[in-house]
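Chain A is the first sequence line, chain B the second, and so forth, proteins listed ahead of strands; every chain is numbered from 1. Please read these numbers as outputs of a predicted model, since none were measured by experiment.
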Amino acid sequence: MSSNAPVIQLKNVSKTFGEVRSLSEVNLEIYPGEIVGLLGDNGAGKSTLVKTIMGFHKPDEGGEIWFKGEKITDWSVAKARDLGIETIYQERALCELQPIWRNMFMGREIKNKIGRLDVKKMKSEATRLMSEHMGFTSTAVHPDNAVLTMSGGEKQGVAITRALYFDAELVILDEPTVGLSLSETKKTLDFVQNIKKSGRSAIFIDHNIFHIYPAVDRMIVLDRGKVAGNYKKSEITMDELIESMYRVARTGSIKE
Amino acid sequence: MSEKTESKAKNNAARPPSFWRRFGMQFGIWGVGIAMWLVFVVTASEAFTSKDIYLAFASSTPLFALMAIPLTLIVITGEIDLSFPSVMALATATFAKIYSGTGNIWLGFLGALIVGTLAGYFNGWLVTYFAIPSLVITIGTGFLFRGIELAWMNGTGVGLTDKELSGVANLLVGRSFFGIANQFWWAVVATIILWFVLNRTQFGAHVFLTGDNKTSAQLMGVNVSRVKRRTFAIMGFFAAFAGLVASFEVSYFWPTLGEGLLMNSIASVFLGGTSVFGGIGTVTGTFVGSFIIGAINAGIVASGINAFYTQVFFGLVIILSVIMQAVISKRIKR
Ligand SMILES: Nc1ncnc2c1ncn2[C@@H]1O[C@H](COP(=O)(O)OP(=O)(O)OP(=O)(O)O)[C@@H](O)[C@H]1O
Ligand SMILES: [Mg+2]
């Protein structure tokens, strides 16, 4: 278990839903302190990849997931989160009838030694996080309010704050800026920078190359479930990247 | 986007959820209860102003309240159990068999609770492993458990009048404080325990999340199948306990035990404000709902209304409480 082993590594991971093959023999690794952009058309398999990394989807026979140099056999979302992987899902994964505090701590509720939930602490933490991190004024976002009653951006704020609360070693952001206002988007991009500064890793999915390119160290292009390209930022300019994205969409190949 | 900035501006002076939003459902339930009570006080004032009828509620209502309370958890997860009357009977049959075989009361008691819990767990396993709607599969297991019990008992009942049984009978269904039946206190204990489980344990939090949005809960690492299996197991445990209570109340184990309690229990849960759509519900609401249902039962008879109208009343109460839920949840969404 050397310290420069990848935080997460996929070996030969495929995912088939009935007839649809969403991922096809994907190999990738994310190193500590690295921010990786994941690019690809609609339906390329980015979200499927994220959910496979999280243990929500089980990879097809033969695919392997390695965490810090160790092969993981019984992967599950709960285990992934225990080991320090947090995700902002594209669909946000909120339970909208429930109050904010319950959503914030969904699956990782704060409890005392004998297992009694510390509801008071969860409420105060939820208020603090929503106001400190997201800048939602504390009176506006009351922890007892059902998520249902919040605006789209505020809901997303809950999902984003939740992923950042647990100091994860690897944070996965699946299109976190969609529908956010300009200032909210900037905050989200700042979060990604903070992840990097604190030496942790991230996978950042966004259709906006102007968000991705400045934020990341490396970019992986997915096309129809396959890894079609893998670039260090030093290897490619933004214009070249945009050009190759169009080419992939047109021809399915990254090279001319 | 513009909608968002707008609503933010509006929200700047914002506040916790409104009183109505938080407690509307609870007030609705209490309102229905008090209104019904007033109707009965007027139409059957003699019966409803004497304490006897309240003592009668305290002994008869817990027989289904003890199952309505755990059923609340199942309904919050978005499932339903229709087999618990049969679980009552199967578990009590276990008690009768173990007791008559070994003479050991507590072994019989324990056996009944274990069989009830396992039967409930079996329901939960079928529902989650095969992804079968609980509404359908628990009709099947209801017949199965009842059939096993009837075959085992050969269709005959057992008297529970042995002197040795008087201790346990007293504990379960004796009378204390002003003649209030002990099963009333058991229903209170069940409410307190399950309130704690639902509101102060991780399992309870997951019950709400499972019923609210199963996929979201799974994406965040909630094991929704395990949560459901456990709610069914809890249901089985309480059904077994209720079976013993109901049998000791009449000092006889009828092989048909449980028949007639299904609708009362389900009506109590919905009247108590637990959402038919899942994700929302309280055990205290169910507790109050049970007593409203109990009062309807007794009140109709005491008012001199033809008992056939009980069903009409029940039907109306269930329909109205479910409509009320739909209206309130619309209001919340707006
Ligand atoms: N649960 C599922 N069952 C069946 N097919 C699925 C499922 N999830 C995803 N797919 C299919 O897998 C493919 C990839 O979907 P995915 O959501 O991973 O794409 P994406 O790259 O995230 O796209 P987008 O940019 O639009 O978010 C799609 O064709 C989709 O229909
Ligand atoms: Mg996606």
Hey, which of A:D118, A:N103, A:L94 has the most heavy atom pairs under 4.5 Å with chain B? A:L94
Is there any ring pair (Phe, Tyr, Trp, His ring centres under 6.0 Å) pair reaching into residues 72-122 of chain A, and which pairs are they, with sequence neighbours excluded? A:F105-A:Y165
All side-chain hydrogen bond (donor to acceptor under 3.5 Å, both in side chains) counterparts of B:S134, not counting sequence neighbours: B:E79
Which bit of A:K79 comes within less than 4.5 Å of chain B, counting heavy atoms only: side chain, backbone, both or neither? neither
Just by distance, no angles: are the side chains of A:T16 and A:D60 close enough, under 3.5 Å, to form a donor-acceptor pair? yes
Can you say whether B:F196 sits under 4.5 Å from chain A via the side chain, the backbone, both, or neither, judging by heavy atoms? side chain
Salt-bridge test for A:E86 and A:R200: reply yes if a basic N is under 4.0 Å from a carboxylate O, no otherwise. no
Side-chain contact, heavy-atom cut-off 4.5 Å: A:H207 with A:N42? yes
If you tally heavy-atom pairs under 4.5 Å between each of A:R108, A:Q98, A:R116, A:R162 and chain B, the highest tally belongs to A:Q98
Show me the donor-acceptor pairs within less than 3.5 Å that the side chains of residues 167-174 of chain A make with the rest of the protein, sequence neighbours left out.
residue: A:E169; atom: OE1; partner: A:K68; partner atom: NZ; Å: 3.0
residue: A:E169; atom: OE2; partner: A:K68; partner atom: NZ; Å: 2.6
residue: A:D174; atom: OD2; partner: A:S47; partner atom: OG; Å: 2.7

For chain A, the option from B:T215, B:L209, B:N213 that forms the most heavy-atom pairs under 4.5 Å: B:L209
Test item: side-chain donor near acceptor, A:N208 and A:T177, under 3.5 Å: no
Listed by number, the residues in residues 221-237 of chain B that come under 4.5 Å of chain A (heavy atom to heavy atom) are B:G221, B:V222
A:H211 and A:F204: aromatic ring centres closer than 6.0 Å? no
